[in-house]
Asks: 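One structure follows; several queries about it will come next.
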Amino acid sequence: MTPISKLFTLYSIHIVPEVIMQRLRIKNVLSEGHAGQPVTVCGWVRTKRESKGIAFIALSDGSTQDTLQLVVSETSPAFQILARCNTGAAIKAAGSLKESPAQGQKFEIEVSEIEIFGDADPASYPLQKKGHTLEFLREIGHLRPRTNTFGAIFRVRNILAEAVHEFFQGRGFIWVHTPVITASDCEGAGDMFTVTSLPLESLPRAAGGVVDFSQDFFGKHAYLTVSGQLEAEFLAMSLGDVYTFGPTFRAENSNTSRHLSEFWMIEPEMAFADLKDDMLLAEDFFRFLCRRALEKGESEIAFLEKFYKNTSVAGLKDLAEKSFVHITYTDAVRELEKSGEKFEFPVKWGLDLQSEHERYLTDKVFKGTVIVTDYPKEIKAFYMKMNDDGRTVAAMDVLVPKIGEIIGGSQREERVDVLTERMSKSGIPVENMQWYLDLRRFGSAPHAGFGLGFERLVQYITGMQNIRDVIPCPRAPREIKF
RNA sequence: UCCCGGGUAGCUCAGCCGGCAGAGCAGGUGGCUGUUAACCACCCUGUCGGGGGUUCGAAUCCCUCCCCGGGAGCCA
């Protein structure tokens, strides 16, 4: 079968009848099937249970959390091929759908025919008919999506990705595609990956021995983006309300369960909006995503709840309805100071909140999601709007229990003089950023936005404790496969 | 990058004050007419992470490197 004909089997059963498998997805069989219907399904064997004269196969095709039970009796010609239907084998099964007489599943297929596409030698196939640790599965990233757990995670990831677009499109936001390769090296304090086509074994040098990027592909030093925000700003200052949803890269040597070198980020940016609008949007957005995850992925969430206990259907329902607590940084510091709690790091106005402080606020004080606003200007980025007090900026961090910061946002500084001063004080090369200042010189307006780390969202919804388990191909220091 | 904890059968782990390398699961074979990570019986399974050292003798003690996990910093 050619790749093209494979596509036809998925999307059209009318165009090329001679190559059709007339395969039904297990998801559809279970939700729309009726007893007596002839069905053909394709998938991978999860388990096989043999008894004298009858055998049961649990088949998964990735379309849904549930497996489909195939019943093969002694009288079926398929009985002869059972020895090859081992865990992991790819097969096609045809038969008649019937209501299952036993507990555990509504439907099953009385199989008349089985075709093996690909065997899986049980002695060497790494996925056994037993539970595996997430650490082990991380080592076989190409096979782990075949497990219940990762099937659930990646389906939930898809549900959330769709929901992101649904939310913004429903509110008239325009999806903009900001660049993956950028020349702005001042977006964040973080280290960036250089993009170059220079010969690494003999780099051209300029005066002082520094690499001469004027000879590079773009004629200047280029990087992988660490944020689409700055570009999203000029699109918001023309299109109104926009959002980005794409990959982001950080070259930091972070070895944690919450960081990736390549991750996906969602960054809405709104013209004619202030911090309050920003907070409202963040809250509506987050709650919408929780709601959609439950509506479209309840069986996945329920599975993850049952086996890992770090997420729950009830908890997400609660979150989807409960409003967030709002607190200013100044009040948060006061709250921490009066708590009497022994912290490893000091709590003092002007110092950034540490993970332990954030966790104390979400887990102990408010027992839920908290938005902290109005941080001291010294600990936040140059583009954030200076408040009237001259000490704080209109920033917000959305903190969720266990994960910590999931959204970071702010109202942007729209006054050209204030922004210029903050840039030079922060060591930002103003001469390279004239385009950014132009937005404040010509038709400037209040605007605001935030960034949401998509994997942290998936982590939060699925309850996965390690961020490397919510993306198919995790990239981290010294970790790159495929 | 720093601080802890680990690396022993395909997987999960016990063995670690030196003295014949183990269990459960998985796998194989046989049994069982409806199973649900089926069940019962028997069988198979090793570079004890790599290298070096101490010792009559090292999975066990020492040094070193690599890898994994948890926490911290940076952040989303």
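Computed over heavy atoms, backbone and side chain alike; hydrogens, waters and symmetry mates excluded. If you're wondering where the values come from, they're calculated on a predicted model, not measured in any experiment.
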Asks: To the nearest Å, how far apart are A/Asp352 CG and B/G73 P?
Replies: 10 Å
Asks: What is the nucleic acid contact for A/Phe345, judged by heavy atoms within less than 4.0 Å: base, sugar-phosphate only, or nothing?
Replies: sugar-phosphate
Asks: Which nucleotide, B/U35, B/U33, B/G73, lies nearest any side-chain atom of A/Lys52?
Replies: B/U33
Asks: Between A/Phe263 and B/A76, do the rings stack, that is, sit under 5.5 Å apart with planes less than 30° off each other?
Replies: yes
Asks: Salt-bridged, A/Arg157 to A/Glu455, with N to O below 4.0 Å?
Replies: yes
Asks: Can you find a side chain N or O atom of A/Gln354 that sits less than 4.0 Å from OP1 or OP2 on B/G73?
Replies: yes
Asks: Rounding to an integer number of Å, can you tell me how far A/Trp44 CH2 sits from B/A37 C1'?
Replies: 21 Å
Asks: Picking from B/G27, B/C11, B/U35, which would you name as closest to the side chain of A/Ala123?
Replies: B/G27
Asks: Heavy atoms under 4.0 Å, any strand shown: does A/Glu108 hit a base, just sugar-phosphate, or nothing?
Replies: base
Asks: Under the salt bridge (Lys or Arg N to Asp or Glu O under 4.0 Å) rule, what do A/Glu99 and A/Lys106 come out as? Steps first, then yes or no, please.
Replies: CA-CA 6 Å; A/Glu99 283 183 26; A/Lys106 189 177 170 211; over 6 Å; no
Asks: Considering just the side-chain nitrogens and oxygens of A/Asn466, establish if one lies under 4.0 Å of OP1 or OP2 belonging to B/G70.
Replies: yes
Asks: Within the 4.0 Å heavy-atom criterion, would you say A/Thr133 contacts the bases, only the backbone, or no part of the nucleic acid?
Replies: sugar-phosphate
Asks: Base, sugar-phosphate, or nothing: which does A/Leu457 touch, judged by heavy atoms less than 4.0 Å apart?
Replies: nothing
Asks: Could you write nucleotides 3-9 of chain B as a row of B, S and -, 5' to 3', where a protein heavy atom under 4.0 Å of any base atom gives B, of only sugar-phosphate atoms gives S, and otherwise -?
Replies: -------
Asks: Using the side-chain heavy atoms of A/Pro122, tell me which of these nucleotides is nearest: B/U12, B/G27, B/U33.
Replies: B/G27
Asks: Checking contacts here: which listed nucleotide (B/U33, B/G34, B/U1) is nearest the side-chain heavy atoms of A/Asn255?
Replies: B/U1
Asks: Between B/G10 and A/Gln128, counting only base atoms on the nucleotide and side-chain atoms on the residue, is there a donor-acceptor pair under 3.5 Å?
Replies: yes
Asks: Is there a Watson-Crick or G-U wobble partner for B/U1 with both distances under 3.5 Å, and if so, which one is it?
Replies: B/A72
Asks: A/Leu134 CG to B/C68 P: how many Å, rounded?
Replies: 16 Å
Asks: Does A/Glu455 reach a base, just sugar-phosphate, or nothing at all? Heavy atoms under 4.0 Å.
Replies: nothing
Asks: Check whether any side-chain nitrogen or oxygen of A/Arg359 sits under 4.0 Å from OP1 or OP2 of B/A72, and answer yes or no.
Replies: yes
Asks: What does A/Gln69 touch in the nucleic acid at a heavy-atom separation under 4.0 angstrom: a base, only the sugar-phosphate, or nothing?
Replies: base
Asks: Hey, does A/Lys106 reach any base, or is it just sugar-phosphate, or nothing, if we go heavy atoms under 4.0 Å?
Replies: nothing
Asks: Would you mind reading off the distance between A/Phe286 atom CZ and B/A76 atom C1', rounded to a whole angstrom?
Replies: 12 Å
Asks: Base, sugar-phosphate, or nothing for A/Arg258, non-hydrogen atoms under 4.0 angstrom?
Replies: base
Asks: Quick one: is B/G34 close enough that its OP1 or OP2 comes under 4.0 Å of any side-chain N or O from A/Ser51?
Replies: yes
Asks: Under 4.0 Å between a Lys/Arg side-chain N and an Asp/Glu carboxylate O for A/Lys385 and A/Asp274?
Replies: no
Asks: Any carboxylate oxygen within less than 4.0 angstrom of a Lys/Arg side-chain nitrogen, looking at A/Lys481 and A/Glu479?
Replies: no
Asks: Using the side-chain heavy atoms of A/Met265, tell me which of these nucleotides is nearest: B/G69, B/A76, B/G34.
Replies: B/A76
Asks: Roughly how many Å is it from OH in A/Tyr125 to P in B/G27, rounded to a whole number?
Replies: 12 Å
Asks: Mapping A/Val71 and A/Thr87 onto RNA chain B by nearest heavy atom, which one lands closer to the 5' end?
Replies: A/Thr87
Asks: To the side chain of A/Phe56, which of B/U35, B/C11, B/A76 is closest?
Replies: B/U35
Asks: Just call it for A/Ile54: base, sugar-phosphate, or nothing, with non-hydrogen atoms closer than 4.0 Å on any strand.
Replies: base
Asks: Is a salt bridge present between A/Lys27 and A/Asp66, judged by a nitrogen-to-oxygen distance below 4.0 Å?
Replies: no
Asks: Compute the ring centroids of A/Phe345 and A/His357, then answer whether they are less than 6.0 Å apart.
Replies: no
Asks: Any side-chain donor-acceptor pair under 3.5 Å between A/Glu233 and A/Gln229?
Replies: yes
Asks: Taking the side chain of A/Ser257 as heavy atoms from C-beta outward, which of B/G34, B/G70, B/C75 is closest to it?
Replies: B/G70
Asks: Can you measure A/Glu50 atom CD to B/U29 atom P for me and round it to whole angstrom units?
Replies: 10 Å
Asks: Within less than 4.0 Å of OP1 or OP2 of B/C32, is there a side-chain N or O belonging to A/Arg49?
Replies: no
Asks: Quick one: label A/Ser254 by what it contacts on the DNA or RNA (base, sugar-phosphate, nothing), any heavy atom closer than 4.0 Å.
Replies: base
Asks: One thing to verify: whether A/Glu405 and A/Arg456 come together as a salt bridge, which I'm taking to mean a side-chain N less than 4.0 angstrom from a carboxylate O.
Replies: no
Asks: By the 4.0 Å heavy-atom rule, please label A/Gly404 as base, sugar-phosphate, or nothing.
Replies: nothing
Asks: When we call it a touch if two heavy atoms are under 4.0 Å apart, what does A/Glu356 touch: a base, just sugar-phosphate, or nothing?
Replies: nothing
Asks: Do the side-chain N and O atoms of A/Arg258 and A/Asn466 include a donor-acceptor pair separated by under 3.5 angstrom?
Replies: no
Asks: Would you say B/A37 has OP1 or OP2 under 4.0 Å from some side-chain N or O of A/Lys129?
Replies: no
Asks: If you look at every strand shown and take non-hydrogen atoms under 4.0 Å, does A/His132 touch a base, only sugar-phosphate, or nothing?
Replies: sugar-phosphate
Asks: Once you round to the nearest 0.5 Å, how far does CE of A/Met396 lie from NZ of A/Lys380?
Replies: 10.5 Å
